[in-house]
Amino acid sequence: MAVRPGLWPALLGIVLAAWLRGSGAQQSATVANPVPGANPDLLPHFLVEPEDVYIVKNKPVLLVCKAVPATQIFFKCNGEWVRQVDHVIERSTDGSSGLPTMEVRINVSRQQVEKVFGLEEYWCQCVAWSSSGTTKSQKAYIRIAYLRKNFEQEPLAKEVSLEQGIVLPCRPPEGIPPAEVEWLRNEDLVDPSLDPNVYITREHSLVVRQARLADTANYTCVAKNIVARRRSTSAAVIVYVNGGWSTWTEWSVCSASCGRGWQKRSRSCTNPAPLNGGAFCEGQNVQKTACATLCPVDGSWSPWSKWSACGLDCTHWRSRECSDPAPRNGGEECQGADLDTRNCTTDLCVHSASGPEDVALYVGLIAVAVCLVLLLLVLILVYCRKKEGLDSDVADSSILTSGFQPVSIKPSKADNPHLLTIQPDLSTTTTTYQGSLCPRQDGPSPKFQLTNGHLLSPLGGGRHTLHHSSPTSEAEEFVSRLSTQNYFRSLPRGTSNMTYGTFNFLGGRLMIPNTGISLLIPPDAIPRGKIYEIYLTLHKPEDVRLPLAGCQTLLSPIVSCGPPGVLLTRPVILAMDHCGEPSPDSWSLRLKKQSCEGSWEDVLHLGEEAPSHLYYCQLEASACYVFTEQLGRFALVGEALSVAAAKRLKLLLFAPVACTSLEYNIRVYCLHDTHDALKEVVQLEKQLGGQLIQEPRVLHFKDSYHNLRLSIHDVPSSLWQSKLLVSYQEIPFYHIWNGTQQYLHCTFTLERVSPSTSDLACKLWVWQVEGDGQSFNINFNITKDTRFAELLALESEGGVPALVGPSAFKIPFLIRQKIISSLDPPCNRGADWRTLAQKLHLDSHLSFFASKPSPTAMILNLWEARHFPNGNLSQLAAAVAGLGQPDAGLFTVSEAEC
């Protein structure tokens with residue numbers, strides 16, 4: 001039966017479908033299905049099979065299939081035959097075998113694939129027929145290609161140390177076909193085949209086995225396929241190098257060519273130097289240690305020996321030796337002769353043959369001389385007997401001043417009738433004091449001549465007169481009269497840093513205004529029947545040589561109170577500021593005192609005081625109160641125990657009040673945070689015509705051997721120009737730390753572009769390298785702005801520098817005596833001086849108070865020193881009243897008692 005050619009495809013499709021259903025063949029590989037009994041060699045086999053392809057954007061893809069021998073060939077996609085009209089078939093004959101060959105092509109569009117998107121993958125298969133059977137090609141999958149924009153994981157910036165491993169993860173965006181990944185280093189392709197230190201993992205992470213400095217770069221992960229190319233954000237990798245110390249240098253030469261000094265050695269953070277933000281070396285770059293060098297001692301002559309007897313040649317001689325002291329350590333030999341020869345009784349030798357008249361003349365002259373000597377001795381003996389009963393009742397400082405300023409006693413206030421106003425007897429106009437005021441420690445005699453003393457030099461023959469002067473005879477006259485004295489050469493030449501007064505057993509107070517320095521002389525500290533003239537002096541550090549050993553630094557002003565050697569029966573209290581940040585773990589604090597011979601001694605180690613000690617110290621945050629029974633010259637010195645030890649620096653900014661030129665100077669002072677240092681700078685700036693332009697700040701300067709730096713920023717270039725040629729100014733560490741240099745400051749010079757410029761806005765930074773810092777925001781008008789001027793207005797402290805008697809104390813005298821008599825005796829109920837100390841937060845000093853005859857008096861004296869003149873007497877009264885004493889009238893005094 002003949003079949004029309006147009007029915008062959010349909011018939012073939014039905015047969016093939018039935019065959020496929022019967023065989024269940026869904027493989028993607030080539031499958032042959034021969035007809036039974038047919039020659040298997042004549043089964044179709046494929047010369048070209050369809051392959052997997054990707055549709056990019058909207059472009060259709062072409063599938064090709066070619067088989068031999070083949071009588072029919074068609075495509076089937078996703079189980080359905082492709083329409084015949086969509087096939088392009090070419091027939092040919094194989095040249096070698098003569099068998100028929102067929103090639104077929106079809107186009108697959110994006111729309112066709114999208115129809116089955118999400119259900120299954122789109123695939124196509126080629127089927128070829130021959131007389132021996134059918135053969136199916138492998139399946140070709142057609143997919144829509146894409147590459148999403150966002151990476152699933154991007155590399156992150158890293159900072160790694162040298163030779164540390166680096167791992168930069170990268171998960172490319174989802175895509176079909178899967179994206180290929182490559183890495184860029186600073187836009188250059190990373191090729192692991194060229195660098196064995198780098199490889200890329202299967203998960204596309206970039207791994208650097210050991211980081212090198214050259215590996216510091218920006219790394220980018222790149223993902224690409226046939227559709228697109230995506231770049232991740234760049235990851236900055238920084239390979240840093242931590243600093244390492246070099247070896248220590250040799251110790252420097254001792255700073256002192258004679259005596260105690262210091263030497264140092266240093267190292268630098270250059271082995272290696274920190275790089276790319278690496279950590280700076282930890283520890284100190286400078287080490288300092290004490291050293292001592294033997295001082296050369298020049299030889300000095302011993303006193304001349306007595307003259308020898310007159311020889312036959314009418315000469316006698318005397319000798320001396322170079323042994324007082326003998327030269328040593330390279331000192332110079334004595335200059336001059338060690339033997340002195342002179343003529344003796346020349347006339348007697350020459351005229352030994354003269355007559356008896358000459359001999360009688362000489363004998364008579366000798367007799368007259370002996371009589372005169374005896375008469376002189378008798379007169380001296382009579383004078384001494386008249387003076388024998390005279391007691392040295394008055395110890396004065398005329399040794400220093402040749403006079404004193406009488407101090408008036410304030411009258412009692414109308415609202416306080418109970419204030420004790422006993423007037424000292426100053427009617428005697430001239431009193432004589434004979435003897436010394438600085439006792440020796442090496443002999444039994446209570447008096448000695450002070451011919452070489454450092455703190456006192458005698459005037460005349462050791463007799464000193466205390467006399468009253470008129471109020472116009474002020475300290476200027478005393479200074480001018482005594483400027484030639486040895487000790488007074490080290491005292492200030494002005495009067496603003498010195499005060500003095502005359503005191504008796506009622507006590508009193510001396511103050512140097514605006515310095516925080518005062519001397520409290522409690523009642524009964526001066527023995528009854530005696531009158532002392534006492535002075536209080538503030539020294540400039542550069543005027544007094546205070547030796548500092550090792551890492552010691554001056555924390556307080558150097559203060560003298562005297563005269564030294566006077567007898568005190570109770571401790572006086574010397575108050576002065578300090579600039580240390582007290583901490584037992586950071587500081588070792590010592591009180592130094594200068595002896596009569598001029599040497600400085602440690603008289604007190606704070607924290608290790610003995611109750612029976614002559615000195616004691618109450619240390620507070622910014623002041624110290626020294627109990628002492630011996631007057632002299634004192635200073636508080638600290639030695640740093642760690643780099644955490646810090647000094648408080650006061651930062652002050654000054655500028656001219658009036659600016660007449662284009663240049664404008666800003667002076668930055670770095671001072672100890674004490675009142676006396678502030679006073680000196682304020683007085684200096686008044687002379688220079690300066691004004692404060694910012695509120696003062698406090699900076700904690702540590703013992704880290706790092707310098708202090710100062711810089712100015714954000715100066716408006718259109719209005720001002722900075723004349724500083726470097727980025728910052730620097731004050732060396734040792735200039736600040738030793739504490740002996742005043743007025744440390746730096747000047748920033750700015751120049752106005754126009755004379756009309758008056759507004760200035762900038763920033764000024766002050767900081768210690770690797771330490772504390774402060775920032776000043778300057779914004780003011782240089783011609784009109786004076787809002788900070790009142791911050792440093794010096795105020796008088798307590799009215800007058802010297803107060804005598806009850807006017808020097810907040811607690812009335814009789815009330816004080818009642819408190820002492822009530823609280824000194826021990827009380828079982830605890831209502832005694834110990835409880836008062838606890839209420840006043842002084843219980844850490846109980847052992848010191850207990851060592852004194854009147855513990856309550858010590859507590860009240862310390863309260864007076866700390867709270868004058870602004871102390872709240874009501875709070876003290878409440879503390880005393882709260883002790884539960886049965887005597888409720890402690891703070892009442894009758895008019896009869898007054």
Side-chain angles (χ1 to χ4, degrees), residues 514 579 647-701 706-733 735-736 741-769 771-794:
N514 304 305
C579 63
K647 297 172 66 172
R648 297 189 314 276
L649 298 184
K650 180 82 77 175
L651 305 179
L652 304 173
L653 272 62
F654 283 91
V657 175
C659 184
T660 57
S661 65
L662 294 179
E663 288 189 353
Y664 190 74
N665 295 325
I666 299 178
R667 293 181 291 275
V668 185
Y669 289 87
C670 305
L671 315 172
H672 283 177
D673 186 19
T674 57
H675 286 86
D676 61 288
L678 180 63
K679 172 184 176 182
E680 294 290 337
V681 170
V682 171
Q683 291 178 344
L684 175 64
E685 281 295 329
K686 282 186 177 180
Q687 299 173 4
L688 297 176
Q691 65 170 339
L692 188 70
I693 62 173
Q694 278 289 304
E695 186 174 352
R697 304 277 182 86
V698 173
L699 182 142
H700 293 84
F701 190 79
H706 290 298
N707 298 338
L708 189 71
R709 291 181 179 176
L710 304 92
S711 61
I712 193 166
H713 305 272
D714 300 341
V715 178
S717 57
S718 59
L719 301 176
W720 297 86
Q721 290 182 352
S722 175
K723 304 188 73 175
L724 186 65
L725 300 179
V726 293
S727 59
Y728 58 84
Q729 299 189 62
E730 199 166 46
I731 300 178
F733 169 82
H735 289 186
I736 299 175
Q741 299 195 29
Q742 288 190 316
Y743 314 140
L744 284 175
H745 73 282
C746 288
T747 300
F748 293 92
T749 302
L750 304 177
E751 186 174 12
R752 292 185 286 179
V753 176
S754 168
S756 61
T757 301
S758 59
D759 291 326
L760 175 60
C762 62
K763 292 183 179 180
L764 199 147
W765 295 347
V766 183
W767 77 101
Q768 185 182 15
V769 179
D772 191 17
Q774 291 288 358
S775 174
F776 294 88
N777 293 319
I778 301 174
N779 189 354
F780 75 111
N781 187 295
I782 65 174
T783 59
K784 297 183 294 185
D785 201 339
T786 60
R787 63 180 183 273
F788 297 105
E790 300 300 325
L791 293 177
L792 295 183
L794 297 179

For a quick test of reading the model, state the closest non-hydrogen atom pair linking [X] to [Y] and the distance between them.
X	Y	answer
L710	C746	CD1-SG, 3.7 Å
K679	N514	CB-O, 3.6 Å
D759	W720	O-NE1, 3.0 Å
C762	V715	CB-CG2, 3.9 Å
Q691	V657	CB-CG2, 3.6 Å
S727	S711	O-CB, 3.5 Å

May I ask you to test the [X]-[Y] pair for a side-chain heavy-atom distance under 4.5 Å?
X	Y	answer
Y669	L684	yes
I693	L760	no
F654	H745	no
I778	I712	no

Please verify the inter-ring angle class for Y664 with F780; under 30° counts as parallel, over 60° as perpendicular, anything in between as tilted.
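Plane angle between 30° and 60°, so tilted.
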Within the distance-only criterion (no hydrogens, no angle test), does the side chain of [X] pair as donor or acceptor with the backbone N or O of [Y] below 3.5 angstrom?
X	Y	result
R752	T757	yes
R667	P656	no
D714	K763	no
D673	L649	no

Inter-residue atom distance [X].[atom1] - [Y].[atom2], 0.5 Å rounding:
X	Y	atom1	atom2	answer
Y728	N707	OH	CG	8.5 Å
F701	I736	CZ	CD1	4.0 Å
E680	H675	CD	NE2	14.0 Å
R697	F776	CZ	CZ	5.0 Å

Let me see the working for N777 and N779 under side chain to side chain contact (heavy atoms under 4.5 Å, CB included), right down to the final yes or no.
CA-CA 6 Å; N777 293 319; N779 189 354; over 6 Å; no
Is it the case that over 12 heavy atoms from other parts of the model lie below 6.0 angstrom from the CD atom of Q721?
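Incorrect, the count does not exceed 12.
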Worked verdict on K650 versus H672 for side chain to side chain contact (heavy atoms under 4.5 Å, CB included)
CA-CA 6 Å; K650 180 82 77 175; H672 283 177; over 6 Å; no
The test is side chain to side chain contact (heavy atoms under 4.5 Å, CB included); show your working for L678 and L652 and say whether it passes.
CA-CA 9 Å; L678 180 63; L652 304 173; 3.5 Å; yes
Run the side chain to side chain contact (heavy atoms under 4.5 Å, CB included) check on F733 and V769 step by step: do they pass?
CA-CA 10 Å; F733 169 82; V769 179; over 6 Å; no
